[in-house]
Amino acid sequence: MPLVNMKPLLRDAMDNGYAVAAFNLVDYNTTKAMVKAAEELNAPVICQTSAKTIKYFSHKEIVSWVRTVAEDSPVPVVLHLDHCKDIAMIEACAKAGWTSIMIDASELPFEQNLTESLKVREIAEKYGVGMEAELGQIMGVEDDEHVAEEDSVLTDPADAKRFCDALDLSAFACAVGTAHGFYRGEPVVDFDRIAAINAATRTPMALHGGTGLSDETFAKAIARGSAKINISTNLKHVWVKSFVDYHLANPKDFEPLRVGDAQYQACKAMFHGFIEKFGGKDRGPAFLNKLPKAA
Ligand code: 13P
């Protein structure tokens, strides 16, 4: 089916107490594996792209991969742009066929962040796509940008309300104690803050830094309004490790399709696990049935 807009999907997730898994694709094989995993579970999924991945391939290539696998699939698939600071690139994604775009101007003071995010609000409206924006600073490394622990700023619920009221977001990215990359110690997630932000904004929350969080953390965050959970680092590791493991186990096999299939199967199993854990199973048809039918 055609790609879907992220806004109604995340509303459905928030209203029904599940989260949609959002994976940062790295190539065609991983794109196909995430949609197949969703299909096996009748679940929605978000294929998201880091800005550097788009620069490495191109808008045209990525949109063709995601559309190809989504068109052959009965489950709802979103193509979303993850953390992006470049407004020209954001507009290029919306124009090329992304169904959701993210502006990350979170390093700027509140008013400037809002001003930049409002520019992206106009782009989202022009192209009829979903939108995510960020307030507060999430620690760790994402898209080669590093936010040190001491520089991370947890999001204030009152500021979050002002920000979300002005932007009508599909997903609100905020800092609640999670971090991009692997956790060095036990993550300290501020569940009361998640609940307070959700109560103030009534906006589906995007929980960043999903790699390394416990099942209990996921469940508690989802129960408090996290409707989109991002996983990137875990995929990078499974992608490399499955390649290396296959070669070590089969040192004389140089058939690329078999090595690629080992990676595909390992990534698919990982996607499957997260989608199920976030409560996505069987949510695809239920969501699609609620969408208004085309005349
Ligand atoms: P991880 O790399 O920790 O999985 O976080 C992903 C993310 O939040 C992408 O925006």
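Keep in mind that what you see is a predicted model, and the values were worked out from it rather than measured. Atoms within each ligand, like the ligands themselves, are counted from 1 in listed order. Note: hydrogens, waters and symmetry copies are ignored here, and every other heavy atom, side chains too, is used.
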Answer yes or no: does an N/O atom from [X] fall short of 3.5 Å to an N/O atom of ligand 1?
X      : value
Asn24  : no
Gly209 : yes
Ser232 : yes
Thr211 : yes

Task: Shortest non-hydrogen contact between Ile54 and Cys93, atoms and distance - done: CD1-SG, 3.7 Å
Open item on the list: Starting from Ile275, can I reach Phe278 by hopping between I/L/V/M/F/W/Y residues whose side chains sit under 4.5 Å apart?
Closed with: yes
Open item on the list: Do Met34 and Met102 land in one hydrophobic cluster if side-chain heavy atoms of ILVMFWY residues count as linked below 4.5 Å?
Closed with: no
- [ ] Evaluate the ring planes of Phe23 and Phe274, with Trp represented by its six-membered ring, and classify them as parallel (under 30°), tilted (30 to 60°) or perpendicular (over 60°).
- [x] tilted
TODO: Please work out which of the three classes, parallel, tilted or perpendicular, describes the rings of Phe172 and Phe163, given edges at 30° and 60°.
DONE: tilted
Atoms in ligand 1 with a heavy atom of [X] nearer than 4.0 Å:
X      : answer
Ile231 : 4 (O)
His83  : 10 (O)
His208 : 8 (O), 10 (O)

TODO: Evaluate the ring-ring contact (aromatic ring centres under 6.0 Å, His included) criterion for residues Phe254 and His247: first the C-alpha distance (whole Å), next the side-chain angles of each, then the deciding distance (0.1 Å), finally the verdict.
DONE: CA-CA 8 Å; Phe254 287 90; His247 182 62; 5.6 Å; yes
Task: Lys/Arg-Asp/Glu bridge criterion (N-O < 4.0 Å) met for Lys85, Glu116 - done: no
Task: Glu122/Lys119 ion pair, N-O < 4.0 Å - done: no
TODO: Just let me know how Asp82 lines up against ligand 1, side chain, backbone, both or neither, with a heavy-atom cut-off below 4.0 Å.
DONE: side chain
Open item on the list: Heavy-atom pairs closer than 4.0 Å: do any link ligand 1 to the side chain of Ser50, the backbone, both, or neither?
Closed with: neither
Open item on the list: Counting non-hydrogen protein atoms only, what is the nearest one to atom 2 (O) of ligand 1? Give residue, atom name and distance.
Closed with: Thr233 OG1, 2.5 Å
Open item on the list: Give me the residue, atom name and distance of the protein heavy atom closest to atom 3 (O) of ligand 1.
Closed with: Gly181 N, 3.0 Å
Task: Min heavy-atom dist Ala179 to ligand 1 below 4.0 Å - done: yes
